[in-house]
Amino acid sequence: MAVALATRRWGAPGALPPVLLVHATGETSADWTRVAGDLARDRLVVAVDLRGHGASPWTGSYALTELADDLEAVAATLAAEHGRPADVVAHSLGGLVACLLASRRPDLVRRLVVEDVPVPHPREPRPPTRPDGDLEFDWDAVLQVRAQIDDPDPGWPDVVASVGAATLVVWGGPDSPMPPEHVAEMARTVADGRLVRIDAGHLVHERRPAAFTAAVRGFLASPD
């Protein structure tokens, strides 16, 4: 069952579609503040806290399909409010959740940007170490998400292939820990994909926000 996600909003509705921002594992909606401020100059921008993160419910159950259920509810509300689907910009885990959304509800996603997101393939598990102190996210969410990415559902290539929205795949270059061939596969497998390289490692929007935002703006504004 979907849970109600906490959100942050910047800007105001205008002539352009709203933008929905989706963060990575262990982050929150606040991670997007700098990018959101730029995008909000001419449109409404909404960032979510995924379940188990920030102010959203910490449910103890973090299947990627459940995270997509939650995001679908937010996207559906935006579409109803504004009479059009949103443009979705998503990083890492958020990109996988956004792919699930776009594949199941093409009516809710006009365009999709995924930042440093590969098509999932089995990989050797490397259990993460919990940081000290209080966290802004449920550590169980990290463990459950990692397990689903280390040993992914074999249907992921079909999910990606069914994404019909025009998609920009932003690769962080050789310093990214994501396998470049699997990031390129993402751009190649979606129905209408393109790949751009911004050398910044995995945190492109954080380390090179101006370049990232310029690429996103150009893509969202390009003709259909």
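Predicted model, so just to flag it, every value in this text is computed and none were measured.
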Original post:
Would the number of heavy atoms belonging to other residues, nucleotides or ligands and lying under 6.0 Å from CG of Asp192 be above 12?
Top reply: yes
Subject >> Single-linkage hydrophobic cluster Val48~Phe137, side-chain heavy atoms < 4.5 angstrom >> reply: no
**OP:** Give the intermediate values and the outcome of side-chain contact (heavy atoms from CB on, under 4.5 Å) for residues Asp199 and Trp171.
**Re:** CA-CA 8 Å; Asp199 289 340; Trp171 177 45; 5.7 Å; no
Original post:
If every non-hydrogen atom of His82 is compared with every non-hydrogen atom of Pro13, which pair is closest and at what distance?
Top reply: CE1-CG, 3.4 Å
Original post:
If only atom types and distance count, is the side chain of Arg110 paired as donor or acceptor with the main-chain N or O of Leu220 below 3.5 Å?
Top reply: yes
Original post:
Got more than 12 heavy atoms from elsewhere within 6.0 Å of CZ, Arg217?
Top reply: yes
**OP:** Considering non-hydrogen atoms only, spot the tightest contact between Ala36 and Leu21 and give its length.
**Re:** CB-CD1, 3.9 Å
Original post:
Side chain of Thr33, backbone of Ala30: donor and acceptor closer than 3.5 Å?
Top reply: yes
**OP:** Evaluate the side-chain proximity of Tyr62 to Thr25: yes if any heavy-atom separation is below 4.5 Å, no if none is.
**Re:** no
**OP:** Examine Val97 and Val109 and state if one hydrophobic cluster contains both, with Ile, Leu, Val, Met, Phe, Trp and Tyr joined whenever side-chain heavy atoms are less than 4.5 Å apart.
**Re:** yes
Subject >> ILVMFWY cluster, Val119 and Val113 together (side-chain gap under 4.5 Å) >> reply: no
Subject >> Smallest separation among heavy atoms of Trp10 and Ala40, with atom names >> reply: CB-CB, 3.6 Å
Original post:
Distance from Asp87 atom CG to Leu16 atom CG, nearest 0.5 Å?
Top reply: 8.5 Å
Original post:
Relative to each other, are the rings of His91 and Trp32 parallel, tilted or perpendicular (30° and 60° limits)?
Top reply: perpendicular
**OP:** Check whether any side-chain N or O of Arg188 sits under 3.5 Å from a backbone N or O of Arg194 as a donor-acceptor pair, and report yes or no.
**Re:** no
Subject >> Arg9 vs Leu44, side-chain contact (heavy atoms from CB on, under 4.5 Å): CA-CA, chis, key distance, verdict >> reply: CA-CA 7 Å; Arg9 293 191 173 212; Leu44 175 69; 3.8 Å; yes
Original post:
So, do His121 and Glu185 sit near enough that their side-chain heavy atoms are less than 4.5 Å apart?
Top reply: yes
Subject >> Smallest separation among heavy atoms of Trp156 and Leu96, with atom names >> reply: CH2-O, 3.5 Å
Subject >> Leu101 side, atom CG; Asp70 side, atom CG - distance, nearest 0.5 Å >> reply: 11.0 Å
Subject >> Sidechain-backbone polar pair: Arg207 side chain, Ala200 backbone, donor-acceptor under 3.5 Å >> reply: yes
Original post:
Is any side-chain heavy atom of Pro17 closer than 4.5 Å to a side-chain heavy atom of Arg84?
Top reply: yes
Original post:
Restricting to pairs with a member in residues 116-127, which pass salt bridge (Lys or Arg N to Asp or Glu O under 4.0 Å), not counting sequence neighbours?
Top reply: Arg123-Asp150
Original post:
Does Arg111 reach the side chain of Val88, with side-chain heavy atoms less than 4.5 Å apart?
Top reply: no
**OP:** Could you grab the distance from atom CG of Asp31 to atom CG of Asp49, nearest 0.5 Å is fine?
**Re:** 10.5 Å
Original post:
Does any non-hydrogen side-chain atom of His53 lie less than 4.5 Å from one of His23?
Top reply: yes
Original post:
Out of curiosity, Glu72 CD to Leu67 CG, how far, rounded to the nearest 0.5 Å?
Top reply: 13.0 Å
Original post:
Strictly by modelled atom types, are Asp38 and Thr213 linked by a side-chain donor-acceptor pair under 3.5 Å?
Top reply: no
**OP:** Taking atom CD of Glu136 as the centre, report whether more than 12 heavy atoms of other residues, nucleotides or ligands fall under 6.0 Å from it.
**Re:** no
**OP:** Look up atom CG in Leu50 and atom CG in Leu5, then write down how far apart they are to the nearest 0.5 Å.
**Re:** 6.5 Å
**OP:** Could you go through the side-chain contact (heavy atoms from CB on, under 4.5 Å) check for Val216 and Val35 one step at a time?
**Re:** CA-CA 10 Å; Val216 170; Val35 167; over 6 Å; no
**OP:** Determine whether Asp140 and Leu143 make a side-chain contact, defined as any pair of heavy atoms from C-beta on separated by less than 4.5 Å.
**Re:** yes
Subject >> Where Arg104 and Thr65 come nearest, the two heavy atoms and their spacing >> reply: NH2-O, 3.6 Å
**OP:** Please assess Val169 against Val183 for the test side-chain contact (heavy atoms from CB on, under 4.5 Å), listing each intermediate value before the final yes or no.
**Re:** CA-CA 8 Å; Val169 179; Val183 178; 3.6 Å; yes
**OP:** Would you confirm whether Ser222, through its side chain, and Phe219, through its main-chain N or O, come within 3.5 Å as a donor-acceptor pair?
**Re:** yes
**OP:** Check whether any side-chain N or O of Glu206 sits under 3.5 Å from a backbone N or O of Leu203 as a donor-acceptor pair, and report yes or no.
**Re:** no
Original post:
Shortest non-hydrogen contact from Ala79 to Leu108?
Top reply: CB-CD2, 3.8 Å
**OP:** Output yes when a side-chain donor or acceptor of Thr167 lies under 3.5 Å from a complementary backbone atom of Ala165, and no otherwise.
**Re:** yes
**OP:** Say whether Val204 and Leu93 are linked into one hydrophobic cluster, either directly or through other cluster members, by side-chain heavy-atom distances under 4.5 angstrom.
**Re:** no
Subject >> Side-chain touch Leu168/Leu112, heavy atoms, less than 4.5 angstrom >> reply: no
**OP:** Could you tell me whether the side chain of Leu78 reaches within less than 4.5 Å of the side chain of Leu20, counting heavy atoms only?
**Re:** yes
Subject >> Nearest-0.5 Å distance that lies between atom CZ in Arg8 and atom OG1 in Thr28 >> reply: 5.5 Å
**OP:** Consider only side-chain heavy atoms of I, L, V, M, F, W and Y, link residues closer than 4.5 Å, and tell whether Val145 and Leu71 are in one cluster.
**Re:** yes
Original post:
Would you say the side-chain atoms of Ser92 and Glu115 include a donor-acceptor pair closer than 3.5 Å?
Top reply: no
